[in-house]
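In this chain, numbering begins with 1 at the start of the sequence shown.
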Amino acid sequence: TYDLDTQFMFGEEILVAPVVKKSARTRNLYLPEGIWIDFNDKKTEYAGEQWLTVDAPLSVIPMFVRKGSIIPRMPVMNHTREFKVYPVTFEIYPANEGEKAEFTLYEDDGESLGYLRGEYLRTPVSCKTSSEGYEIAVGEREGSVYTIEGERKFIFRIYTDRIPKSVFLDGMKVKKGKVWTADKKDGVCEFHLPDDIKKHIVNIVF
């Protein structure tokens with residue numbers, strides 16, 4: 001990969017391979033070690049350590065996410081202070097059985113140098129895969145000087161084609177509908193959790 005200058009990694013989880021040739025409608029790219037999932041359709045998997053040619057119409061930028069990753073997302077904004085309160089969505093691409101996907105959400109005010117003085121928050125999130133389902137853990141938050149304005153929620157989107165039988169929050173069963181939903185056609189299970197700064201365990205059982 002030393003001479004590859006037309007594709008790049010966005011963090012450790014996402015590979016981006018934009019089209020750089022005029023009129024091209026396909027893209028030849030190299031996938032590193034691991035299993036990679038098409039970021040655009042959320043389903044198609046490819047083995048790493050190989051060259052690959054993919055379709056690349058004008059409306060699509062070829063992107064791939066490493067299997068066993070958690071990708072945080074937020075609403076599109078014109079500037080960092082456009083919305084004071086907004087949900088944080090964690091897109092989870094589950095790891096193989098017996099393995100865990102992990103991510104630490106880092107936040108600061110996005111404007112000042114306060115982060116140099118420790119004015120930031122770190123929130124660890126993980127998702128462990130087992131034969132029974134998934135266990136999502138929201139760990140203890142680090143930092144207290146910087147705070148979140150108002151109330152917000154965390155949204156967990158797990159990409160799976162299996163429909164859960166039950167979902168538990170901290171050992172208590174929760175009803176399907178308002179708190180969690182599942183769509184086998186789209187291959188996604190979604191769980192909503194208020195961000196109350198506490199540790200939580202979500203068990204999704206198949």
Salt-bridged, Glu107 to Arg122, with N to O below 4.0 Å?
no
Should we count CD1 of Ile197 as having more than 12 external heavy atoms under 6.0 Å?
no
Least distance between heavy atoms, Phe8 atom then Pro18 atom:
CE2-CD, 4.2 Å
Surrounding CD1 of Ile201 (heavy atoms of other residues, nucleotides or ligands, distance under 6.0 Å), is the total greater than 12?
yes
When you measure from the centre of the six-membered ring of Tyr86, is the NZ or CZ of Lys84 closer than 6.0 Å and no more than 45° off the axis?
no
Would you indicate whether the side-chain heavy atoms of Asp186 and Tyr159 approach each other to under 4.5 Å?
no
On a heavy-atom basis, which atom in Phe39 and which in Val65 lie closest, and how many Å separate them?
CD1-CB, 4.2 Å
State whether the number of non-hydrogen atoms from other residues, nucleotides or ligands found under 6.0 Å of Lys128 atom NZ is greater than 12.
no
Does NZ or CZ of Arg162 lie under 6.0 Å from the centre of the six-membered ring of Phe206, at an angle within 45° of the ring axis?
yes
Mind checking whether Phe191 and Phe156 have parallel, tilted or perpendicular rings, split at 30° and 60°?
tilted
Indicate yes or no: at least one non-hydrogen side-chain atom of Ile35 is less than 4.5 angstrom from one of Arg66.
no
Roughly how far apart are Lys100 NZ and Ser126 OG, rounded to 0.5 Å?
4.5 Å
Test item: Trp36 side-chain N/O and Glu45 main-chain N/O as donor-acceptor pair under 3.5 Å:
no
Distance in Å, Ile136 CD1 paired with Phe90 CZ, rounded so as to fall on 0.5 Å steps
10.0 Å
Glu149 and Val85 have their tightest heavy-atom pair at O-CG2, 2.6 Å
Rounded to the nearest 0.5 angstrom, the CD1-OG1 distance for Ile92 and Thr129 is 9.0 Å
Pick one: which of Arg152, His200, Lys153 meets side-chain hydrogen bond (donor to acceptor under 3.5 Å, both in side chains) with Asp195?
Arg152
Just how far is it from atom OG of Ser166 to atom CG of Asn203, taken to the nearest 0.5 Å?
10.5 Å
Is there a donor-acceptor contact under 3.5 Å from the side chain of Thr160 to the main chain of Val188?
no
Using only heavy-atom distances, determine whether the side chains of Asn28 and Thr53 contain a donor-acceptor pair under 3.5 Å.
yes
For the student: nearest non-hydrogen atoms of Tyr134 and Cys127, plus distance
CB-SG, 3.9 Å
Main chain of Ala95, side chain of Glu99: is a donor-acceptor contact present, judged purely on distance under 3.5 Å?
no
NZ (Lys21) and OG1 (Thr26) are apart, to the nearest 0.5 Å, by 9.0 Å
Is there side-chain contact between Leu105 and Val88, with at least one heavy-atom pair below 4.5 Å?
yes
Within the supplied structure, the quantity of interest is the number of heavy atoms (other residues, nucleotides, ligands) at a distance under 6.0 Å from Glu33 CD; does it exceed 12?
no
With no hydrogens and no angle check, just 3.5 Å: does a side-chain donor-acceptor pair link Gln50 and Tyr30?
no
Evaluate whether atom CG of Asp41 has more than 12 neighbouring non-hydrogen atoms of other residues, nucleotides or ligands under 6.0 angstrom away.
yes
Side chains of Arg141 and Thr123, donor plus acceptor under 3.5 Å
yes
Examine Tyr146 together with Tyr120 and report whether their ring centres are nearer than 6.0 Å.
no
Could you pull out the closest heavy-atom pair between Leu31 and Ala47, with the gap in Å?
CD1-O, 3.9 Å
Any Leu193 side-chain heavy atom under 4.5 Å of Leu169 side chain
yes
Looking only at heavy atoms, the pair that brings Gly139 and Lys199 closest together is C-CG, 3.6 Å
With a sphere of 6.0 Å drawn around CZ of Phe10, does it hold more than 12 non-hydrogen atoms of other residues, nucleotides or ligands?
no
State whether the number of non-hydrogen atoms from other residues, nucleotides or ligands found under 6.0 Å of Glu12 atom CD is greater than 12.
no
Side chains of Met63 and Leu15: does their closest heavy-atom pair fall under 4.5 Å?
no
Less than 4.0 angstrom from a charged side-chain N to a carboxylate O is my criterion; do Lys67 and Glu97 meet it?
no
